[in-house]
Participant: 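First the structure, then my questions, so here it is.
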Amino acid sequence: MAIITPSLPKGTRDFLPQQMVKRQFVIKTVQEIFELYGYEPLETPSLEKLKVLSGQYGDEGEKLTFKVLRRGTGLEELLSGREEFVIKDYGQLVDEALRYDLTVPLSRVVAMHQSDITLPFKRYQIQPVWRADRPQKGRYREFYQCDIDAVGTDSRLADAETIAIVYSVLSTLGFKSFKIRINNRGLLNGILEFAGVEENQRTPVLIAIDKLDKIGFAGVEREILAAGLGSGKVKEILDILALEGPAETLLAEVSMRCQGVAAVNSGVEELTEVLKYLQLLGVPEDKVKLDFYLVRGLGYYTGLIQESVITEPKIGSLTGGGRYDRLIGKFLGRDIPACGVSFGIERIIDVMDELNLFPEIKTKTEILVSTFDASTQASSIAFAQKARNAGIKAETYFSASKLKKQFTLADRKHIPYVIVIGPDEMQQGRVTLKNMATAEQIGLSEEEAIAYLLKQRH
RNA sequence: GUGGGCGUAGCUCAAUGGUAGAGCCCCAGAUUGUGGAUCUGGUCGUUGGGGGUUCAAGUCCCCUCGCUCACCCCA
């Protein structure tokens, strides 16, 4: 018999129960924290119209967007009477795409449902996104994002809250050595303006600046020069990027150097305000680092930008976000200010695994109720139902068989307790409860057993 | 899109061009009311696919597919 060789599309994964327990642990944690700050849930379709997504993510993002072939008559009409297709025609073959992130769908939702949405709209969204990227460590083609965004406010408190939430999530999950890097797009632009960089030259310069950590000052200098800037301008930019010290000092220094550049002044002002709010929100100073060379790739950011990184292991950023005051306007015709942050839950899980931050839970099932033989099966089923009614997660062994096999099953599945109801127990109206970790075994009434199990949860 | 590494049993990996193996896993038994340890036995393969060289190819050559890591970019 010919079998179908089982395989998965590149960059996608199955999540087996033991992994799902971990994933749900992380998702539950972030969800609870999101709700603590007053964010509400939202889901959107996997598919979006291509015209909604295109042009939002830059050239690179465009290439990485999974596009969906037209279907049915649409495709037939397109192809009818044509002998061949040329590369130029590919664009017409597709009309929809898998969502690339959660921010653009949010903007669409806000524009489409104005009458149902009260501003400021604070929503969280935990759903997969797709990118036609070449996978590598910590990078997948299908992965979950957890986003929070506050739409309809330009308050710096909203920006500060997203940073506070990042801090809260990462520290609650057990991360110790992380830093939240912040910067401001307006400030960056102001610095470039001060250095006399023309508008149309800024993107390559920003991309070069973003790589500072990786390629060093010499590398950045080389790339900026390659972008066609004079060496005088390059020096002015690099001098500012090289500034070190506490945030307040940096801000004072940069506003002094760039006197008279409005964008710099307002950027400094915004960052100062955000820092003030972070203090009120109780975010430790040493967790937040002002980095003038933080850029972030996505084109739509306009104000504060942030990303969180850990030093060990080296895996790139865990979260990232910022303010995007002009994105929603693309769908609405008038701008609505917004800011948000995205949690890279896949990387968070990978890193937590590597750092051993997960609690030792391998299954959610609490007891296996064994089935001794046909005459006792009814008692086992009845006890399992009693336990379930008390909220205990119980699995019943489906058919009477050797206890050995039943205990082996509990062991394999890491179920912590096994209940045995054999002829002896049945006669006495009691059950035997075995702790799989300690091998201790006690005889209890059914009620006592259930009370005991509930107590073990601590 | 560019460059490197690797494809042998379910998993991790062996095998100077000369009979495809080990450990783990799994199944059964030792042990007819009890898992993990030990012992015994057992199941498991078109060596990713195709072609070539050779008396002989897992091994050498070519093509192809897949995985993986890095770059670009990004979560």
Side-chain angles (χ1 to χ4, degrees), chain A residues 2-3 5-13 16 26 30 57-65 99-103 126-147 166 203-204 206-208 210-211 214-215 219 223 295-299 306-310 314-321 340-351 368 370-373 375-376 397 400-426 431-443:
Chain A
I3 62 158
T5 307
S7 66
L8 281 175
K10 194 197 296 283
T12 66
R13 298 151 295 163
L16 298 181
V26 173
V30 298
Y57 306 110
D59 290 347
E60 198 66 28
E62 204 77 27
K63 277 185 224 154
L64 298 183
T65 303
R99 74 171 158 254
Y100 182 87
D101 72 356
L102 302 178
T103 308
I126 303 173
Q127 285 191 278
V129 301
W130 292 268
R131 297 191 186 172
D133 207 355
R134 289 266 287 255
Q136 50 183 284
K137 192 179 169 71
R139 281 172 86 161
Y140 308 97
R141 286 187 148 190
E142 177 184 63
F143 62 97
Y144 272 73
Q145 282 194 338
C146 302
D147 274 30
V166 169
T203 305
L206 287 173
I207 289 172
D210 197 31
K211 296 184 195 164
K214 241 179 210 169
I215 61 179
E223 289 211 12
V295 177
R296 296 200 54 75
L298 292 176
Q306 58 156 315
E307 78 177 26
S308 66
V309 291
I310 49 164
K314 243 179 114 69
I315 194 170
S317 54
L318 295 179
T319 71
V341 63
S342 177
F343 290 73
I345 189 171
E346 311 293 348
R347 284 188 183 173
I348 289 175
I349 290 166
D350 285 354
V351 174
L368 174 71
S370 64
T371 300
F372 190 84
D373 61 24
S375 75
T376 64
Y397 202 87
S401 84
K402 292 184 186 177
L403 283 180
K404 178 186 171 65
K405 284 188 72 171
Q406 306 194 37
F407 277 92
T408 301
L409 180 78
D411 190 45
R412 295 271 160 72
K413 289 191 164 189
H414 303 99
I415 299 172
Y417 294 96
V418 173
I419 297 287
V420 178
I421 305 174
D424 300 346
E425 287 88 349
M426 202 172 76
V431 304
T432 295
L433 182 152
K434 175 161 179 171
N435 179 329
M436 292 297 283
T438 64
E440 278 175 304
Q441 211 161 282
I442 44 179

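Worth knowing before you read on, the calculation uses all heavy atoms, side chains too, and leaves out hydrogens, waters and symmetry mates. Every chain is numbered from 1, with letters handed out A, B, ... down the list of sequences.
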Participant: Would you list the protein and nucleotides 7-12 of chain B atom pairs, both N or O, that sit under 3.5 Å from each other?
Facilitator:
none

Participant: Strictly below 4.0 Å, N to O, side chains only: are A:Glu440 and A:Lys434 in salt-bridge contact?
Facilitator: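 No salt bridge links A:Glu440 with A:Lys434.
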
Participant: Please report the distance separating the P of B:rU59 from the corresponding atom of B:rC26, rounded so that it comes out in whole Å.
Facilitator: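 Those two atoms are separated by 33 Å.
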
Participant: How does RNA chain B look in dot-bracket form if you count Watson-Crick and G-U pairs under 3.5 Å, write [ ] for pairs that cross, and put | where a base pairs with another strand?
Facilitator: (((((((..((((....[..)))).(((((.......))))).....(((((..]....))))))))))))....

Participant: Could you pull out all residues at least two apart from A:Arg13 that satisfy side-chain hydrogen bond (donor to acceptor under 3.5 Å, both in side chains)?
Facilitator: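 Counting only residues at least two positions away or on another chain, A:Arg13 forms a side-chain hydrogen bond (donor to acceptor under 3.5 Å, both in side chains) with A:Glu346.
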
Participant: Could I get the full list of side chain to side chain contact (heavy atoms under 4.5 Å, CB included) partners for A:Asp210, not counting sequence neighbours?
Facilitator: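 With neighbours one apart ignored, the set is A:Val295.
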
Participant: B:rC6 and B:rA14: how far apart are their P atoms, nearest whole angstrom?
Facilitator: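 Comparing P positions in B:rC6 and B:rA14 gives a spacing of 11 Å.
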
Participant: For B:rC62 and B:rG4, measure between their P atoms and round to the nearest Å.
Facilitator: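 About 14 Å, rounded to a whole number of Å.
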
Participant: Between the protein and nucleotides 63-68 of chain B, are there any N/O to N/O pairs under 3.5 Å, and if so, what are the atom names and distances?
Facilitator:
from: B:rC67; atom 1: OP2; to: A:Lys10; atom 2: NZ; distance (Å): 3.1

Participant: Using the C1' atom in both, what is the distance from B:rG50 to B:rG7, to the nearest Å?
Facilitator: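 Each nucleotide's C1' atom is 16 Å from the other's.
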
Participant: One thing to verify: whether A:Asp133 and A:Arg139 come together as a salt bridge, which I'm taking to mean a side-chain N less than 4.0 angstrom from a carboxylate O.
Facilitator: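 Yes.
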
Participant: Between B:rG58 and B:rU19, how many Å separate the two P atoms, rounded to a whole number?
Facilitator: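 Looking at atom P only, B:rG58 and B:rU19 are 10 Å apart.
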
Participant: What's the gap between B:rG42 and B:rA22 when it is taken at their P atoms, as a whole Å value?
Facilitator: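 Rounded to whole Å, the distance is 11 Å.
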
Participant: Do the side chain of A:Arg131 and the base of B:rC73 come within less than 3.5 angstrom through a donor-acceptor pair of N or O atoms?
Facilitator: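 Answer no: no donor N or O sits under 3.5 Å from an acceptor.
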
Participant: Can you check the distance between B:rC67 and B:rU40, where both ends of the measurement are the C1' atom (answer in whole Å)?
Facilitator: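 Their C1' atoms lie roughly 39 Å apart.
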
Participant: Produce a footprint string for nucleotides 28-39 of chain B: one letter per nucleotide, 5' end first; B if the base is under 4.0 Å from any protein heavy atom, S if only the sugar-phosphate is, - if neither.
Facilitator: SS---BBBB---

Participant: Kindly determine whether A:Thr12 and A:Glu142 satisfy side-chain hydrogen bond (donor to acceptor under 3.5 Å, both in side chains), including the steps that lead there.
Facilitator: CA-CA 6 Å; A:Thr12 66; A:Glu142 177 184 63; 5.7 Å; no

Participant: Are any non-hydrogen side-chain atoms of A:Ile126 and A:Val30 less than 4.5 angstrom apart?
Facilitator: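 When only atoms from C-beta onward are counted, A:Val30 and A:Ile126 do touch, with a gap below 4.5 Å.
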
Participant: For B:rC73 versus B:rG17, give the span between their C1' atoms, rounded off to a whole number of Å.
Facilitator: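 45 Å, rounded to whole Å.
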
Participant: Please report the distance, rounded to the nearest Å, between CD in A:Gln127 and P in B:rA75.
Facilitator: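 The answer, rounded to whole Å, is 18 Å.
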
